[in-house]
Amino acid sequence: MSLESFIAALDAFSREAAAAFASAENEESLEAARVKYLGARSGQLKDLQKGLGQIAPADRPAAGKRFNELKVGIEEALRQATARLKQGSAAGPRAQHFDPTIPGTRRRIGCLHPLTQTIAELKDIMGRLGFTAADGPEVEDERHNFEALNIPPEHPARDALDNFYLAAAETTAGAASPGAKARLLRSQTSTVQIRVMEQTTPPIRIISCGRVYRPDTADATHYPMFHQIEGLLIDRHVTMADLKSVLRLFARSFFADDVHIRFRPSFFPFTEPSVEVDMSWRDGWIEMGGAGMVDPNVLQAVGYDPEEYSGFAFGLGIERVCARRHGVTDIREFFKNDVRFLRQFG
Ligand code: FA5
């Protein structure tokens with residue numbers, strides 16, 4: 001065989017084999033093509049190799065060189081075809097089963113704490129009744145926590161064991177001194193009544209939501225730190241009927257129309273008369289807070305004329321209203337920070 005016809009046969013073989021490898025649609029057809037062209041026993045390359053022996057000895061080095069180049073090239077074509085099919089089988093089934101209409105996986109995002117949600121809702125409801133939100137400090141002095149609320153120094157409510165007094169009262173210079181004003185964590189949001197009345201002239205319609213602190217033993221309805229909502233309305237000719245109407249409207253908005261509300265006679269130094277406010281909604285009665293007509297001594301303490309102005313005040317426990325609304329039977333759940341519990345309010 002002449003060198004020219006040998007090279008022509010090599011070229012034809014190369015084109016045909018490369019095309020067969022490139023067009024193989026799956027691993028089986030590629031394997032069949034490999035056996036046909038490169039098979040060790042009966043592949044066409046083997047036949048071409050045999051043809052080398054028929055080349056004139058002078059042309060054999062050139063023919064051998066060309067043969068080797070072809071072999072390397074065609075093996076590379078086979079390697080690329082194998083890689084292409086492997087890649088295809090990895091992406092293929094998934095690509096075929098991709099359905100763009102299936103909704104995506106929802107990312108889990110946090111939610112507001114149930115007490116925070118409740119406070120927002122209480123502010124919203126009372127806002128619609130004309131009450132604006134006011135704030136006061138959590139670290140209080142005795143005037144706002146007791147004195148101006150008609151709680152004199154000898155009153156048991158001021159006992160050191162019933163309050164969180166701060167360890168060292170500080171002077172304005174920052175040094176502890178025995179004569180300095182005592183400070184404590186406020187035990188009720190009624191302190192905000194005094195702060196607002198000191199700075200405003202009637203009419204007043206405010207609520208204040210916030211944390212209060214008492215050394216109470218934690219149980220299903222008590223916690224040493226809890227939240228209250230305080231309401232205060234001062235104007236001319238305010239009566240207990242107004243207090244009851246506002247609390248009933250509030251309870252119906254927050255729970256539902258089938259909520260029941262009752263007043264029980266009680267005593268608070270800063271209201272006269274005073275009542276405990278109980279609510280019942282789809283279950284037994286529960287004490288939600290205290291309320292009453294602002295005591296004339298309190299009005300006087302902030303410079304109001306009790307002959308001209310009257311008003312009512314109330315203070316409700318936010319954990320208790322929130323718990324009843326959601327059927328939570330133990331308010332300690334609100335403070336465990338167990339996400340399985342908290343997620344229910346998302
Ligand atoms: C008061 O705190 C009065 N300042 C309420 C008030 C305001 C009366 C204005 C008159 C006028 P009392 O101590 O009862 O009242 O607390 C009110 C409510 O706070 C309770 O009914 C209860 O719902 C809630 N509460 C009291 N102690 C705790 C506690 N340790 N943990 C959770 N909630 C509590």
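Counting convention: from 1, in listed order, for ligands and their atoms alike.
Judged by a 6.0 Å distance limit and a 45° cone about the ring axis, Arg325 is positioned over the six-membered ring of Phe254. Geometrically, Arg324 does not engage Trp281 in a cation-pi contact, judged by NZ or CZ lying under 6.0 Å from the ring centre and within 45° of the ring axis. A cation-pi arrangement, defined by a distance under 6.0 Å to the six-membered ring centre and an angle within 45 degrees of its axis, is present between Lys244 and Phe263.
Taking the six-membered ring where tryptophan is involved, the planes of Phe335 and Tyr223 are essentially parallel, since the angle between them stays under 30° and well short of 60°.
Taking a heavy-atom cut-off of under 4.0 Å, ligand 1 is surrounded by Gln188, Ser190, Gln193, Arg214, Asp216, Thr221, His222, Tyr223, Phe226, Gln228, Glu230, Phe268, Phe270, Thr271, Glu287, Met288, Gly289, Gly290, Ala291, Ala313, Phe314, Gly315, Gly317, Arg320, Ile331.
A donor-acceptor pair under 3.5 Å is formed between the side chain of Arg320 and the backbone N or O of Glu287.
Nearest heavy atom pair, residue Gly292 against residue Leu243, reads N-CD2, 3.8 Å.
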